[in-house]
> 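Below you will find the structure I want to go over with you.
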Amino acid sequence: MRIGIPRERKTLEKRVALTPDGAAQLIKHGHTVFVEVGAGEAVDFSDDEYRTMGCTMASSLEEVWANSELLVKVKEPHESEYQYFRPDLTVFSFLHLAGLPEVAKVMLDSKVTGIAYELVQTEDGRLPLLEPMSEIAGKLSVLNGSYYLLSQNQGRGMLLGGALGVARAQVTIVGAGISGRAACEVAYGMGADVTILDIDIRKLEMVKSQFGNQVSAVFSTPPAIARAAAESSLLIGAVLVPGAAAPKVISREMIESMPKGSVFVDISMDQGGCAETSRATSLDDPVFELDGVTHYGVCNMPSQAARTATMALTSATLPYVLQLANLGCREALQASPRLKVALNTMAGKLTNLEVAKSLKLDFTEAEVALIQ
Ligand SMILES: NC(=O)c1ccc[n+]([C@@H]2O[C@H](COP(=O)([O-])OP(=O)(O)OC[C@H]3O[C@@H](n4cnc5c(N)ncnc54)[C@H](O)[C@@H]3O)[C@@H](O)[C@H]2O)c1
């Protein structure tokens with residue numbers, strides 16, 4: 001199969017979908033891999049490394065898309081890429097369509113097949129392609145949050161761990177899944193006084209077994225979030241309902257109640273944001289101030305640790321890219337329940353129920369779309 005790896009177009013997105021080692025695995029299985037010139041440059045994977053592995057370097061974005069049957073990328077397609085969508089092409093990438101109605105519309109209108117990384121799901125309910133990025137985003141949420149708490153960044157001028165004779169800063173994390181627990185690990189490691197909330201008691205048990213009584217693991221209700229937020233210098237939103245727009249678990253009143261100069265990091269921004277006050281920002285202009293609270297809403301946070309993220313993402317995606325390439329996309333979708341649940345668009349049909357509900361669009365079962 002002909003597989004394409006473009007250079008990412010999102011603002012300051014430095015990750016690349018496959019490392020040279022990953023591309024080599026595809027070539028070993030007899031596939032042709034087109035890599036756009038400079039695709040891995042920002043993470044120190046040179047064109048020569050890809051060439052040495054047997055990749056064909058493409059000099060333009062158009063050349064990659066036009067030559068591909070399977071287009072593998074990191075972030076959702078950029079508007080400069082919409083023109084290359086076509087019915088016989090499969091795009092495999094993060095899609096987050098519930099929060100991106102315009103991308104959903106062009107994908108449906110063009111009849112391109114779209115499989116979302118973030119919805120590939122194992123039999124035990126894990127999201128193996130989202131997990132490594134969530135871990136990295138969770139860790140970065142505390143690094144970014146603590147940076148914007150500093151005085152020169154219009155923050156409260158606080159260190160998370162306090163100092164001799166000075167109390168630790170309070171950090172509240174809403175959502176104790178992969179990103180929430182990774183944030184917890186870093187905030188706890190930096191000496192903060194951490195409260196983490198979730199509606200799933202099993203997630204709270206995982207926090208307990210990892211941190212014992214060093215962290216407060218609290219069942220999530222609106223009053224419990226409100227109480228914790230009012231005392232926090234750093235609030236982190238890390239909730240997810242797979243496929244759906246993020247639930248608005250943080251109200252404007254909760255944000256207003258936080259001390260002036262506090263920071264709110266919305267990791268769930270890629271699914272539309274989990275606070276009433278959230279809006280998407282970009283890596284070149286990551287924050288805005290509202291009600292005295294610095295808001296951070298970057299949807300591609302892992303790009304700040306782009307090399308780590310590229311390697312983690314390749315390890316996670318490669319088995320699925322191989323399956324799609326070896327079997328053919330339609331056959332792989334039919335054979336693999338893990339991939340089938342991640343099918344979002346095919347032949348103009350929207351095939352994920354949560355995405356369809358969030359966008360108020362018609363839903364078609366993946367099985368039905370696959371046999372049409
Ligand atoms: N901004 C970025 O760059 C970036 C990067 C990676 C992941 N993400 C996003 O981060 C979000 C979290 O991902 P994850 O992998 O940690 O998800 P996860 O499924 O591991 O965890 C989400 C948690 O939210 C909990 N939850 C759901 N509703 C809740 C509520 N009302 N109150 C409290 N908890 C609630 C769930 O029980 C679950 O434990 C997703 O939207 C994901 O796409 C963003």
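Any value given below was found using the heavy atoms of this structure, including those in side chains, with hydrogens, waters and symmetry copies removed. For ligands, and for the atoms within them, numbers begin at 1 and follow the listed sequence.
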> Return the closest protein heavy atom for atom 23 (C) of ligand 1 as residue, atom name and distance.
D198 OD2, 3.7 Å
> Just do the side-chain contact (heavy atoms from CB on, under 4.5 Å) check on I225 and T172 with the steps written out, would you?
CA-CA 8 Å; I225 299 174; T172 292; 5.6 Å; no
> Tell me the closest heavy-atom pair linking R338 and Q121, and the distance in Å.
CG-O, 3.2 Å
> Looking at ligand 1, is there an atom of it that comes within less than 4.0 Å of some heavy atom belonging to M269?
no
> Note the single closest protein heavy atom to atom 3 (O) of ligand 1, along with its residue, its atom name and the distance in Å.
M301 N, 2.7 Å
> What atoms of ligand 1 come within less than 4.0 Å of a heavy atom belonging to D200?
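Near D200, meaning under 4.0 Å from one of its heavy atoms, ligand 1 has 37 (O).
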> Need the ligand 1 atom indices (1-based, order shown) with element for anything under 4.0 Å from a heavy-atom of H96.
43 (O)
> Could you list which atoms of ligand 1 come closer than 4.0 Å to a heavy atom of A137?
4 (C), 5 (C), 6 (C)
> Counting heavy atoms only, which of I250, I178, L240, D266 comes nearest to atom 24 (O) of ligand 1?
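That would be L240.
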> Please report which non-hydrogen protein atom sits nearest to atom 33 (C) of ligand 1, along with the residue it belongs to and the distance in Å to one decimal place.
S220 OG, 3.4 Å
> Before accepting this row, confirm whether a basic side-chain N of the pair E69/R2 lies closer than 4.0 Å to the acidic partner's carboxylate O.
yes
> Is it the case that the side chain of E276 and the backbone of R252 share a donor-acceptor pair, with hydrogens and angles ignored and the cut-off at 3.5 Å?
yes
> What atoms of ligand 1 come closer than 4.0 angstrom to any heavy atom of N300?
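So the answer, numbered in order with elements, is 3 (O).
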> What part of K203, side chain from CB on, backbone N/CA/C/O, both or neither, has a heavy atom under 4.0 Å from ligand 1?
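It is the side chain that gets close, since no backbone atom is under 4.0 Å.
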> Report the part of I136 in contact with ligand 1, treating N, CA, C, O as backbone and CB onward as side chain, heavy atoms under 4.0 Å; options are side chain, backbone, both, neither.
neither
> Between V239, V265, V249, L283, flag the one that comes closest to atom 11 (C) of ligand 1 by a heavy atom.
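Heavy atom nearest to atom 11 (C) of ligand 1 belongs to V239.
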> Hey, is R181 close enough to E185 for a salt bridge, meaning N to O under 4.0 Å?
no
> For L127 and E118, what are the C-alpha separation, side-chain angles and deciding distance, and is it a side-chain contact (heavy atoms from CB on, under 4.5 Å)?
CA-CA 7 Å; L127 304 169; E118 72 275 13; over 6 Å; no
> Tell me whether P302 reaches ligand 1 (any heavy atom closer than 4.0 angstrom to a ligand atom).
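Yes, P302 has heavy atoms under 4.0 Å from ligand 1.
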